[in-house]
Amino acid sequence: MKHIFIFLILIMSSMLLLAETPYQTVSGAGVTFHYRVSDDSMYLDGIMVANTTGWVAVGFNPTNQMANADIIIGYHENDMTMIRDDWGTSATSHASDESLGGTSNVMNYSSFEEEGNTEIHFMIPLNSGDDKDHIMEIGMTYPIILARGQNGADNFGAYHAAAGFSSINLVEPTSSNEVIQPVIAPLALNNYPNPFNPTTTFKVAVNEELNASLTVYDIRGKKIKNFGEFALGNHEVIWDGRDNSNNPVSSGIYFSVLKGKNTKLTRKINLIK
């Protein structure tokens with residue numbers, strides 16, 4: 001894991017990058033969905049953009065409205081990305097894969113909210129092996145449902161403000177041998193192990209001139225632990241599952257947020273006791 005992290009944050013610092021596959025775009029119900037197959041042909045890379053300060057969602061391969069759709073739904077709240085992998089349980093309802101005996105397979109997610117718009121970036125496997133996810137294949141076309149919540153609807157259960165249908169066509173990655181100048185991410189954040197007990201180590205990379213701060217929040221958005229600021233460079237810090245008052249916290253889902261000048265990263269972490 002350490003080597004993977006170093007590769008991600010320092011990759012191409014002295015090399016050139018291959019040009020990435022361009023996104024395709026579809027729209028409906030006031031939601032724009034940008035998507036592409038990852039260059040290793042293993043994942044769907046998606047960006048949802050909607051004119052709302054509430055939730056936004058895309059559902060893949062529904063059979064009747066949202067029934068049997070593999071749904072990714074999320075919102076941005078308190079500097080955190082709240083996102084869930086759901087399954088359409090009927091034409092008008094959905095529930096998390098985890099609550100239905102499946103697993104959450106959303107990866108590499110981030111979000112921001114600005115001037116009344118919400119943008120959520122995520123990746124999912126084309127074949128997760130979970131029976132609450134559809135297998136998607138390159139070269140195939142799939143119907144999708146796009147939806148957005150009312151402004152301020154920062155939860156997974158609020159009724160939609162608009163919903164519509166479109167389709168996506170998964171094409172082969174088209175990265176070429178064209179080279180482009182490297183762009184190093186201003187921030188990088190990871191932790192290992194995850195889930196963890198009793199400690200986890202955060203690995204932080206700061207490539208901005210200004211300092212970045214690292215904070216842990218609980219699932220309700222309450223600030224649990226501040227780790228101070230990190231200057232330019234690579235850093236490691238250990239969290240022992242205690243809050244700012246040195247009291248042990250309970251088992252559950254927490255969110256680590258690394259915030260810089262113009263960049264913010266959120267990672268879900270799981271403390272198991």
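Please read these numbers as outputs of a predicted model, since none were measured by experiment. Positions are given from 1, in the same order as the sequence printed here.
- Heavy-atom contacts from other residues, nucleotides or ligands closer than 6.0 Å to CD1 of Ile135 number 12 or fewer.
- Between Ser111 and Thr81 the shortest heavy-atom distance is OG-OG1, 2.7 Å.
- By the salt bridge (charged side-chain N to carboxylate O under 4.0 Å, His left out) test, Arg84 is found to be paired with Asp86, residues two or more places apart in sequence or in another chain being considered.
- A side chain to side chain donor-acceptor pair (under 3.5 Å) check over residues 240-259, counting only residues at least two apart or in different chains, returns the pairs Asp79-Lys259.
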- [ ] Show your working on side-chain contact (heavy atoms from CB on, under 4.5 Å) between Thr92 and Gln65 and close with a plain yes or no.
- [x] CA-CA 7 Å; Thr92 58; Gln65 298 186 58; 4.2 Å; yes
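- His34 and Asp45 share no side-chain donor-acceptor pair at under 3.5 Å.
- A donor-acceptor pair under 3.5 Å is absent between the side-chain atoms of Asn226 and the main chain of Thr215, judged by distance alone.
- Within the 4.5 Å cutoff, the side chain of Val26 has heavy atoms near those of the Tyr35 side chain.
- Note that NE2 of His235 and CD of Glu229 are 11.0 Å apart. Values are rounded to the nearest 0.5 Å.
- Residues Asp133 and Asn105 bring a donor and an acceptor atom of their side chains to less than 3.5 Å of each other.
- Shortest non-hydrogen contact noted between Leu146 and Val31 is CD1-O, 3.8 Å.
- Residues Ala95 and Leu100 come closest through the heavy atom pair O-CD1, 4.0 Å.
- For Phe122, the ring-ring contact (aromatic ring centres under 6.0 Å, His included) test picks out no residue, with sequence neighbours left out.
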Task: Intermediate values then yes/no, side-chain contact (heavy atoms from CB on, under 4.5 Å), Phe230 and Val237 - done: CA-CA 10 Å; Phe230 298 87; Val237 62; 4.1 Å; yes
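- The stretch residues 148-174 participates, sequence neighbours left out, in no salt bridge (Lys or Arg N to Asp or Glu O under 4.0 Å) pair at all.
- Here the side chains of Asp97 and Ser104 are not in contact, with every heavy-atom distance at 4.5 Å or above.
- Considering every non-hydrogen atom in both Met80 and Gly221, the closest pair reads CE-CA, 3.5 Å.
- Sorted by first and then second residue, the side chain to side chain donor-acceptor pair (under 3.5 Å) pairs with a member in residues 54-63 read Thr63-Asn68; sequence neighbours excluded.
- Taking the side chain as every heavy atom from C-beta outward, Glu119 and Ile47 approach each other to under 4.5 Å.
- In this structure, the side chain of Ser99 engages the main chain of Ser96 through a donor-acceptor pair within 3.5 Å.
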TODO: Apply ring pair (Phe, Tyr, Trp, His ring centres under 6.0 Å) to Phe60 and His134, showing your working.
DONE: CA-CA 8 Å; Phe60 301 98; His134 292 292; 8.9 Å; no
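- Clustering ILVMFWY residues whenever any of their side-chain heavy atoms sit less than 4.5 angstrom apart, transitively, puts Tyr75 in the very cluster that holds Ile253.
- Residues Thr201 and Thr199 fail the side-chain proximity criterion, which asks for heavy atoms closer than 4.5 Å.
- Salt bridge annotation for Arg220-Asp218: present, with a cationic side-chain nitrogen under 4.0 angstrom from a carboxylate oxygen.
- Across all their heavy atoms, Ala153 and Ala158 have their closest contact at CB-CB, 3.8 Å.
- Residues Val216 and Phe255 have side chains not in contact (no heavy-atom distance under 4.5 Å, counting atoms from C-beta outward).
- Here the OG1-CG distance, from Thr103 to Asp85, works out to 7.0 Å after rounding to the nearest 0.5 Å.
- Contact annotation: the side chain of Leu214 approaches that of Leu189 to within less than 4.5 Å [non-hydrogen atoms, C-beta and beyond].
- The distance from the CG atom of Asn191 to the CD1 atom of Ile269 is 5.5 Å, given to the nearest 0.5 Å.
- With a 4.5 Å cut-off on side-chain heavy atoms, Trp87 and Asp130 do not count as touching.
- Leu126 and Met140 end up in the same hydrophobic cluster when Ile, Leu, Val, Met, Phe, Trp and Tyr side chains are linked at under 4.5 Å.
- In this structure, Thr53 contributes its side chain and Gly152 its backbone to a donor-acceptor pair below 3.5 Å.
- Residue Ile71 is grouped with residue Val106 when hydrophobic side chains (ILVMFWY) are merged at heavy-atom distances under 4.5 angstrom, including chains of intermediate members.
- In the hydrophobic clustering, Leu232 connects to no other residue, as no ILVMFWY side-chain heavy atoms lie under 4.5 Å from its own.
- Other residues, nucleotides and ligands contribute only 12 or fewer heavy atoms inside 6.0 Å of the NZ atom of Lys222.
- Looking at Ile83 and Ile72, their side chains come closer than 4.5 Å, going by heavy atoms from C-beta outward.
- In the hydrophobic clustering of this structure, Met123 does not group with Met48; members are Ile, Leu, Val, Met, Phe, Trp, Tyr whose side-chain heavy atoms approach within less than 4.5 Å, directly or through other members.
- Taking each heavy atom of Ile138 and Pro173 in turn, the nearest pair found is CD1-CD, 4.3 Å.
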